[in-house]
Trainee: 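Sharing a structure below in structure tokens format, with a few things to ask.
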Amino acid sequence: EPVFMPDFLFDFQRHLTEWAVRKGRAAMFADCGMGKTPMQLVWAENVVRHEARPVLILAPLSVSQQTVEEAAKFDIEAVRVMDGKHSGSRIIVTNYERLHYFNPADFAGVVCDESSIMKNFDGSRKTEITEFMKKVKFRLLCTATAAPNDYIELGTSSEALGYLGYMDMLSTFFKNDEDSLHPAFIGSKWRFKPHAERDFWRWMASWARACRKPSD
């Protein structure tokens, strides 16, 4: 149960954040301007208070300092760390490219801000992020563009959160013209298996919330 739910959150933000805290490993796919930064900071503070251990927020380079400034505005303790040295800090913010300086064993939770950025990294960097997250108990993904090109990109998010792996998701819900999961056919067009579309979105709704505006 949430132990910290400040008044500065709007009702819809409180609803999303409470759900994500209870879920533990969740994705908030909220459109631009919906306030993902305060929501992820409150989520992180809940994990810190529950586990008495720090949380790491990963963000693009241009966003990490902004996240720390937002935290100060809301009286949440967060520091920006680039070298992995974070003794005594509660919420640590760094950019994705500095992840190799950090040890997942040091953290109770990890947040990926603008998590769709993982699709812009090469395979080794994306694997590094995913493997780091798999070793942390509580996980949160936040982005306005969860799958800008194709539904199958949601498999990256699922795998990072510890639900179905990317290939497992494909084999469960999708098929391609070659009827193969061989890596050579990953670039081919995937489509839902017969009668699988409803099950796919029900599965998605079990670990993700998507909204374009507060009334959603």
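Bear in mind the structure is a predicted one, so any value in this text is a computation, not a measurement. What's counted below: heavy atoms across the whole structure, side chains too, no hydrogens, waters or symmetry copies.
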Trainee: Give me the atom names and distance for the closest heavy-atom approach of V93 to S64.
Mentor: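 So the minimum-distance heavy-atom pair works out to CG1-O, 3.6 Å.
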
Trainee: Give a yes or no on this: more than 12 heavy atoms of other residues, nucleotides or ligands lie within 6.0 Å of atom NE2 of H100.
Mentor: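 Yes.
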
Trainee: Under a 4.0 Å threshold between the charged nitrogen and the carboxylate oxygen, would E131 count as salt-bridged to K135?
Mentor: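 So K135 does not pair with E131 through a salt bridge.
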
Trainee: For A26 and L161, work out which heavy atoms get closest and say how close.
Mentor: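 Where A26 meets L161 most closely, the heavy atoms are O-CD2, 3.5 Å.
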
Trainee: Can you tell me if D11 has over 12 outside heavy atoms packed within less than 6.0 Å of its CG?
Mentor: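 For D11, atom CG is not crowded (no more than 12 foreign heavy atoms under 6.0 Å).
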
Trainee: Can you list the steps and then say if F12 with S215 is a side chain to side chain contact (heavy atoms under 4.5 Å, CB included)?
Mentor: CA-CA 8 Å; F12 76 91; S215 59; over 6 Å; no

Trainee: Hey, does the side chain of Q13 reach the backbone of M34 with a donor-acceptor pair shorter than 3.5 angstrom?
Mentor: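 Yes; at least one donor-acceptor contact below 3.5 Å.
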
Trainee: With the side chain counted from C-beta on, respond yes when D7 and R14 share a heavy-atom pair under 4.5 Å apart, and no when they do not.
Mentor: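 The answer is yes; the side chains approach within 4.5 Å.
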
Trainee: Pair F107, K137 - check side chain to side chain contact (heavy atoms under 4.5 Å, CB included), show working.
Mentor: CA-CA 8 Å; F107 299 97; K137 182 177 181 180; over 6 Å; no

Trainee: Is there a donor-acceptor pair closer than 3.5 Å between any side-chain N or O of T37 and the backbone N or O of T67?
Mentor: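 Here the side-chain-to-backbone pair does not exist.
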
Trainee: So, the side chain of R139 versus the backbone of V136: is there a donor-acceptor pair under 3.5 Å, distance only?
Mentor: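 Such a contact is found between R139 side chain and V136 backbone.
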
Trainee: Heavy-atom distance under 4.5 Å between the side chains of C211 and F29, does that happen here?
Mentor: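 Answer no - side chains too far apart.
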
Trainee: Give me the atom names and distance for the closest heavy-atom approach of T143 to S115.
Mentor: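 T143 and S115 have their closest heavy atoms at CG2-OG, 3.4 Å.
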
Trainee: Report whether W43 and F74 are members of the same hydrophobic cluster (ILVMFWY, side-chain heavy atoms less than 4.5 Å apart, transitive linking).
Mentor: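 As far as the 4.5 Å side-chain criterion goes, F74 and W43 are connected within one cluster.
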
Trainee: Sub-3.5 Å donor-acceptor pair from the side chain of S158 to the main-chain atoms of G155, do we have one?
Mentor: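 Judged by distance alone, no pair lies under 3.5 Å.
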
Trainee: Going only through I, L, V, M, F, W and Y residues with side-chain contacts under 4.5 Å, is there a path from V68 to L99?
Mentor: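 Cluster IDs for V68 and L99 differ.
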
Trainee: Using the ring of F174 (Phe, Tyr or Trp, six-membered ring only), decide whether R191 places NZ or CZ under 6.0 Å from its centre and within 45 degrees of its axis.
Mentor: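 No; the conditions do not both hold, so R191 does not lie above the ring face of F174.
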
Trainee: Is it true that E114 and K36 make a salt bridge, defined as a side-chain N closer than 4.0 Å to a carboxylate O?
Mentor: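 Looking at K36 together with E114, the answer is no, because their closest N to O distance does not fall below 4.0 Å.
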
Trainee: Decide salt bridge (charged side-chain N to carboxylate O under 4.0 Å, His left out) for D199 and R202; before the verdict, give the C-alpha distance in whole Å, the side-chain angles of both, and the deciding distance to 0.1 Å.
Mentor: CA-CA 5 Å; D199 290 340; R202 287 180 64 87; 5.3 Å; no

Trainee: Take T145 and S116 through the test side-chain hydrogen bond (donor to acceptor under 3.5 Å, both in side chains) and record every step on the way to the result.
Mentor: CA-CA 6 Å; T145 53; S116 60; 2.9 Å; yes

Trainee: Is a side-chain N or O of K23 found less than 3.5 angstrom from the main chain of S206, in a donor-acceptor match?
Mentor: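 Indeed, once roles are kept as given, a pair shorter than 3.5 Å links the two residues.
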
Trainee: Compare all side-chain heavy atoms of F138 with those of V110 and state whether any distance is below 4.5 angstrom.
Mentor: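 Side-chain contact under 4.5 Å: no.
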
Trainee: So how far is it from N176 CG to W190 CH2, rounded to the nearest 0.5 Å?
Mentor: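 With rounding to 0.5 Å, CG (N176) is 4.0 Å from CH2 (W190).
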
Trainee: Give the cluster check for V42 versus V63: same hydrophobic cluster or not, with ILVMFWY residues linked at side-chain heavy-atom distances below 4.5 Å.
Mentor: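 No; V63 is not reachable from V42 via cluster members.
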
Trainee: Does a side-chain heavy-atom distance below 4.5 Å link L141 with M28?
Mentor: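 No, their side chains stay 4.5 Å or more apart.
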
Trainee: Within this structure, what is the CG-CE distance for the pair L154 and M204, rounded to the nearest 0.5 Å?
Mentor: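 Here the rounded value is 4.5 Å.
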
Trainee: Can the positive tip of R25 be found less than 6.0 Å from the middle of the six-membered ring of W207, inside 45° of the ring normal?
Mentor: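 Because its charged atom misses either the 6.0 Å distance or the 45° angle limit, R25 does not stack over W207.
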
Trainee: Any chance you could measure D75, atom CG, to K73, atom NZ, to the nearest 0.5 Å?
Mentor: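 So the gap between those two atoms works out to 11.5 Å.
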
Trainee: Between atom CD of Q40 and atom CG of L16, what is the distance when rounded to the nearest 0.5 Å?
Mentor: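 These two atoms lie 12.5 Å from each other.
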
Trainee: Check whether any side-chain N or O of S171 sits under 3.5 Å from a backbone N or O of D168 as a donor-acceptor pair, and report yes or no.
Mentor: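 Side chain of S171 to backbone of D168, a donor-acceptor pair under 3.5 Å: yes, one is there.
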
Trainee: Test E77 against E45 for side chain to side chain contact (heavy atoms under 4.5 Å, CB included), laying out the working first.
Mentor: CA-CA 8 Å; E77 181 189 326; E45 181 66 20; 5.7 Å; no

Trainee: Testing the basics here: between M133 and A160, what is the closest heavy-atom pair and its distance to 0.1 Å?
Mentor: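 Heavy atoms of M133 and A160 come nearest at CB-O, 3.6 Å.
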
Trainee: First locate atom OG1 of T17, then atom CE of M5, and finally report the distance between them rounded to the nearest 0.5 Å.
Mentor: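 Reported to 0.5 Å precision, the distance equals 5.5 Å.
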
Trainee: Quick one: does any side-chain atom of R212 pair with a main-chain N or O of A30 as donor and acceptor, under 3.5 Å?
Mentor: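 No; zero donor-acceptor contacts below 3.5 Å.
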
Trainee: Got a donor-acceptor contact below 3.5 angstrom from the N46 side chain to the V21 backbone?
Mentor: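 Such a contact is absent between N46 side chain and V21 backbone.
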
Trainee: Between R80 and T94, is any pair of side-chain heavy atoms under 4.5 Å apart?
Mentor: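 In short, these two side chains do not touch, never coming nearer than 4.5 Å.
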
Trainee: Specify the closest pair of heavy atoms between I92 and H86, including all atoms of both residues, with the distance to one decimal.
Mentor: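 Taking every non-hydrogen atom into account, CG1-CB, 3.6 Å.
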
Trainee: As a test of understanding, state which of F200, Y151, Y166 forms a ring pair (Phe, Tyr, Trp, His ring centres under 6.0 Å) with F173.
Mentor: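 Single ring pair (Phe, Tyr, Trp, His ring centres under 6.0 Å) partner of F173 among F200, Y151, Y166: F200.
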
Trainee: How far does CG of D106 sit from OG of S87, to the nearest 0.5 angstrom?
Mentor: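 With rounding to 0.5 Å, CG (D106) is 10.0 Å from OG (S87).
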
Trainee: Do D150 and K189 have side chains that approach each other closer than 4.5 Å (heavy atoms only, starting at C-beta)?
Mentor: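 In short, these two side chains touch, coming nearer than 4.5 Å.
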
Trainee: Is there a side-chain contact between L170 and K175 in this structure, where contact means two heavy atoms from C-beta onward sitting under 4.5 Å apart?
Mentor: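 No - every pair of side-chain heavy atoms lies 4.5 Å or more apart.
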
Trainee: Identify whether F132 and L140 are in the same connected component of the hydrophobic contact network (ILVMFWY, side-chain heavy atoms under 4.5 Å).
Mentor: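 No, no single cluster joins them.
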
Trainee: Decide whether I117 and L61 are clustered together by the hydrophobic rule: side chain heavy atoms of Ile, Leu, Val, Met, Phe, Trp, Tyr closer than 4.5 Å, transitively.
Mentor: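 Looking at the clustering, L61 is in a separate group from I117.
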
Trainee: So that I can tick it off, tell me whether D83 and R98 are bridged by a salt bridge, with the cut-off set at under 4.0 angstrom between side-chain N and carboxylate O.
Mentor: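 No.
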
Trainee: Is there a side-chain contact between I91 and I57 (heavy atoms, below 4.5 Å)?
Mentor: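 With C-beta onward as the side chain, the pair touches.
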
Trainee: Can you confirm whether more than 12 heavy atoms, excluding those of F10, are under 6.0 Å from its CZ atom?
Mentor: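 It does not: F10 CZ has 12 such atoms or fewer within range.
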
Trainee: State whether the side chain of D113 and the backbone N or O of L58 hold a donor-acceptor pair below 3.5 Å, judged by distance alone.
Mentor: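 No; zero donor-acceptor contacts below 3.5 Å.
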
Trainee: Report the C-alpha separation of R53 and V48 in whole Å, then their side-chain angles, then the decisive distance to 0.1 Å, and conclude whether the side chain to side chain contact (heavy atoms under 4.5 Å, CB included) test is met.
Mentor: CA-CA 5 Å; R53 296 176 62 217; V48 169; over 6 Å; no

